[in-house]
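Below is one structure, written out as structure tokens; the observations come after it.
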Amino acid sequence: ASGLADIDNVYSMEFDGVNDYFDCGFMPSLDAVQQFTINTWVNMPNVSGTKRMIGKRYNASYNIAFNFVSNVLYTTINGSYGSANANFSINTWYNIAMVFDGTLSGDENRLKLYINGVQQTLSFFGTIPSITYNFALNPSTFYLGTDGFSTPNYYDGKMDEVAIFDYALDADQVEEIYNATSTGKT
């Protein structure tokens, strides 16, 4: 039987790191929620500097972001974040997933980061909230290739198969996505 891994995907979004981004609209499915997952594939020509990959932002205290700074991945919810060393190589595809579950207690249970289907150990700054900001109060755009920060550092690289789930995927589901789509990346 043919599965997702059999698909030869040679198309992806390519960002120049200068001014490329996608405006995805308001994305109300991320407003005042207790769970979500963002999963995508990334491939970068360099692993230095700041790359704001995905985000929705009202201000520094009310945001959702997935950023990369000098080979460290940052997952941010309402100004608090978890970070982990990525140890990425250049020109290589990586599957990354941010899983938020505000129904649980403790930072390490509320916010998780996976790289290629493997959960990473996060260092936390601030307290991960139990619910995201209600962006409907101050409509904010969801972006790919930047995070809406007033001083943008645009993403430089390729991005593919961006998926947003309105629930927290478990470790098996994240690994299943990675395994199903890890071949055919060029």
Side-chain angles (χ1 to χ4, degrees), residues 27 29-44 47-89 92-135 140 142-157 159 161-178:
M27 192 77 64
S29 61
L30 294 172
D31 298 356
V33 297
Q34 286 193 292
Q35 292 185 338
F36 71 83
T37 301
I38 299 173
N39 185 287
T40 189
W41 286 88
V42 295
N43 180 327
M44 294 172 259
V47 292
S48 61
T50 300
K51 301 169 190 325
R52 300 189 187 281
M53 299 187 299
I54 296 174
K56 182 172 181 156
R57 175 186 191 90
Y58 170 61
N59 62 29
S61 297
Y62 301 113
N63 56 6
I64 295 169
F66 215 155
N67 294 318
F68 184 90
V69 181
S70 298
N71 226 342
V72 175
L73 275 170
Y74 290 86
T75 55
T76 307
I77 308 286
N78 294 359
S80 297
Y81 63 84
S83 64
N85 289 324
N87 297 315
F88 284 0
S89 298
T92 303
W93 284 103
Y94 294 94
N95 180 260
I96 56 176
M98 173 198 309
V99 178
F100 171 65
D101 189 346
T103 66
L104 301 175
S105 60
D107 293 341
E108 66 282 348
N109 295 315
R110 285 186 176 169
L111 185 59
K112 296 178 182 171
L113 168 67
Y114 294 84
I115 299 174
N116 290 344
V118 177
Q119 185 176 343
Q120 305 299 298
T121 300
L122 294 175
S123 297
F124 290 96
F125 173 82
T127 301
I128 304 303
S130 62
I131 192 166
T132 63
Y133 177 66
N134 185 0
F135 293 97
S140 304
F142 182 81
Y143 294 101
L144 302 177
T146 188
D147 69 354
F149 192 66
S150 58
T151 310
N153 290 296
Y154 294 101
Y155 177 64
D156 179 19
M159 190 179 300
E161 299 177 27
V162 178
I164 300 169
F165 300 85
D166 63 358
Y167 57 94
L169 295 179
D170 64 30
D172 290 338
Q173 292 169 314
V174 172
E175 184 179 21
E176 189 175 309
I177 291 170
Y178 166 70

Working for side-chain contact (heavy atoms from CB on, under 4.5 Å), residues I115 and F88: CA-CA 10 Å; I115 299 174; F88 284 0; 3.7 Å; yes
Sequence neighbours left out, what passes side chain to side chain contact (heavy atoms under 4.5 Å, CB included) with D147? Give chain and number order. R52, R57, A65, N67, F149
For T103, check side chain to side chain contact (heavy atoms under 4.5 Å, CB included) against everything at least two apart and list the hits.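 With sequence neighbours excluded, T103 shows a side chain to side chain contact (heavy atoms under 4.5 Å, CB included) to Q34, Q35, D101, given in chain and number order.
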Could you check F124 against R110 for side-chain contact (heavy atoms from CB on, under 4.5 Å), going step by step and ending with a plain yes or no? CA-CA 11 Å; F124 290 96; R110 285 186 176 169; over 6 Å; no
Taking all non-hydrogen atoms of both residues, which atom of [X] and which atom of [Y] are closest, and how far apart?
X: I177; Y: N95; answer: CG2-ND2, 4.5 Å
X: S80; Y: T127; answer: OG-O, 3.0 Å
X: Y114; Y: D170; answer: OH-C, 4.4 Å
X: N109; Y: K112; answer: O-CE, 3.8 Å
X: L113; Y: T75; answer: CD1-CG2, 4.0 Å

I'd like to know if the side chain of [X] and the backbone of [Y] have a donor-acceptor N/O pair within less than 3.5 Å.
X: S140; Y: K56; answer: no
X: N71; Y: N87; answer: yes
X: D166; Y: F36; answer: no

Angle class for the Y133/F135 ring planes (parallel below 30°, perpendicular above 60°, tilted otherwise)? perpendicular
Ring geometry between Y81 and Y74 (parallel below 30°, tilted from 30 to 60°, perpendicular above 60°): perpendicular
Which value, rounded to the nearest 0.5 Å, describes the distance between L73 atom CG and Y94 atom OH? 11.0 Å
